[in-house]
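Beneath this line is the structure, given in structure tokens, with notes to follow.
Throughout, a chain's letter reflects where its sequence line sits, starting with A, and its residues are numbered from 1.
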2 protein chains.
Amino acid sequence: MPNAELTATITDAEWRVMRIVWTLGEADSHTIIDILSRQHDWKAATIKTLIGRLVKKGALGTTKDGRQYIYHPLIAEQAAMDTALTTELNQMCAMCRGKAFVHAIDETTLSQDDIRTLISHLQAKLTTAPTAVSCDCLPADYEGSC
Amino acid sequence: MPNAELTATITDAEWRVMRIVWTLGEADSHTIIDILSRQHDWKAATIKTLIGRLVKKGALGTTKDGRQYIYHPLIAEQAAMDTALTTELNQMCAMCRGKAFVHAIDETTLSQDDIRTLISHLQAKLTTAPTAVSCDCLPADYEGSC
DNA sequence: ACTCATCGTTTACAGTTGTAAACTGAATTT
DNA sequence: AAATTCAGTTTACAACTGTAAACGATGAGT
């Protein structure tokens, strides 16, 4: 059950490895290398490096299986995604986040269920939402807006 | 009018600089350094480096004003945010993006107008949305789901 | 004219990331 | 037992990042 708190961050390339292991639940390096060396054109050595780094930073755990290891996630996929997205958003101007969401949602394929969930969360939010969100890019003694 | 297509990416630290210039519309280095050296505890030299890199990579333009420069954005803030968010999302499993949105929206303060816009976009999307979005983490010949 | 304060540019340097070859030890084959 | 084959580990290396000191030119004050 993956749930550890990750110290380091997972890089873009490492993210590809995690997606394979998250989806399969667990995988040996042969499988990971087989899939990734086709998806991208990465050499086996490259993928081995990424796996090694993920183990070292605590994102993947290992179970010995004879000569080789079986890798499994130590962090949950949804939690990693949530954190990555929130971190990205928090870096942006608070005032502009809403429009960024609109754009992202327009660009993303979502299931009917996801859309209904989103609508209901948004409707609930509406009752307590502020009239406006102000720009937080400047210290208090400067004024301005995006 | 900022609109250029950016070749390189803007890093986290550089993003802080851009937010100042985006918000003020234009700024001299003294202003940028004044604000940022307080927000973080960056030395003036650090901020100068970041400004220089942003000019070199085409994110900031300059206008000479006597001995110094006035910096102005060459790329639009909303476009940069949209791209950053979409890029981040596209790196994740398609099946899990909806839940990531739900989490992000729960965590983000949005204005009533933003929420209404989001709801209306979502309602429009609902009519053509698929029943489910499947996992795209593996090649076709492997099966599996997040 | 000389000195001082600046502003922008150069140089610095360690850590991270992408990309991969080389090596090492154990298991499998002959 | 020797040779071969992998799986994992070490080493490599350039580019990018965060962080900053040092330097050089130019305008301002004396």
May I ask you to evaluate whether [X] reaches the phosphate of [N], defined as a side-chain N or O under 4.0 Å from OP1 or OP2?
X: B:W42; N: D:dT19; value: yes
X: B:T46; N: D:dA20; value: yes
X: B:T9; N: D:dT17; value: yes
X: A:T11; N: C:dG18; value: yes

Once hydrogens and angles are ignored, does a donor-acceptor distance under 3.5 Å link the base of D:dA7 to the side chain of A:S29?
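In this structure, the two groups form no donor-acceptor pair.
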Any donor-acceptor N/O pair under 3.5 Å between D:dG18 base and B:R53 side chain
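By the distance-only test, yes, there is a pair.
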Residue A:Y71, side-chain heavy atoms: nucleotide from D:dG8, C:dG8, D:dA20 that is nearest:
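Within the option list, the nearest is D:dG8.
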Proximity to the side chain of B:Q68 - top-ranked nucleotide from C:dA20, D:dA21, C:dG8:
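Side chain of B:Q68 sits closest to C:dG8.
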Measure the distance from [atom1] on [X] to [atom2] on [N] and round it to the nearest whole Å.
X: B:H40; N: D:dT19; atom1: NE2; atom2: C1'; result: 13 Å
X: A:I47; N: C:dA21; atom1: CD1; atom2: C1'; result: 15 Å
X: A:Y69; N: C:dG25; atom1: OH; atom2: C1'; result: 12 Å
X: B:E14; N: D:dG18; atom1: CD; atom2: P; result: 7 Å
X: A:L50; N: C:dT16; atom1: CG; atom2: C1'; result: 13 Å
X: A:R67; N: D:dC6; atom1: CZ; atom2: P; result: 11 Å
X: A:K57; N: C:dT17; atom1: NZ; atom2: P; result: 5 Å
X: B:I51; N: C:dC7; atom1: CD1; atom2: C1'; result: 10 Å

Between B:G66 and B:D41, which has a closest nucleotide on DNA chain D that is more 5'?
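Going by which nucleotide is closer to the 5' end, it is B:D41.
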A:R97 vs A:N90 side-chain heavy atoms within contact, under 4.5 Å
yes
Sequence neighbours left out, cut at 3.5 Å: what donor-acceptor pairs do the side chains of residues 42-55 of chain A make with other protein atoms?
from  : atom 1 : to    : atom 2 : distance (Å)
A:T49 : OG1    : A:A45 : O      : 3.1

Parallel under 30°, tilted from 30 to 60°, perpendicular over 60°: which one fits the rings of B:F101 and A:F101?
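Rings of B:F101 and A:F101: tilted, as their planes differ by 30° to 60°.
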What nucleic acid atoms does A:D12 come within less than 4.0 Å of, heavy atoms only: base, sugar-phosphate, or nothing?
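Sugar-phosphate: the residue A:D12, judged by heavy atoms under 4.0 Å, touches backbone atoms but no base.
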Determine the contact category for A:K48: base if any of its heavy atoms lies under 4.0 Å from a base atom, sugar-phosphate if only primed atoms, P, OP1 or OP2 are that close, otherwise nothing.
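A:K48: base contact, heavy atoms under 4.0 Å.
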When you check the gap from the basic side-chain N to the acidic O, do B:E14 and B:K57 get nearer than 4.0 Å?
yes
So that I can tick it off, tell me whether A:D106 and B:K125 are bridged by a salt bridge, with the cut-off set at under 4.0 angstrom between side-chain N and carboxylate O.
no
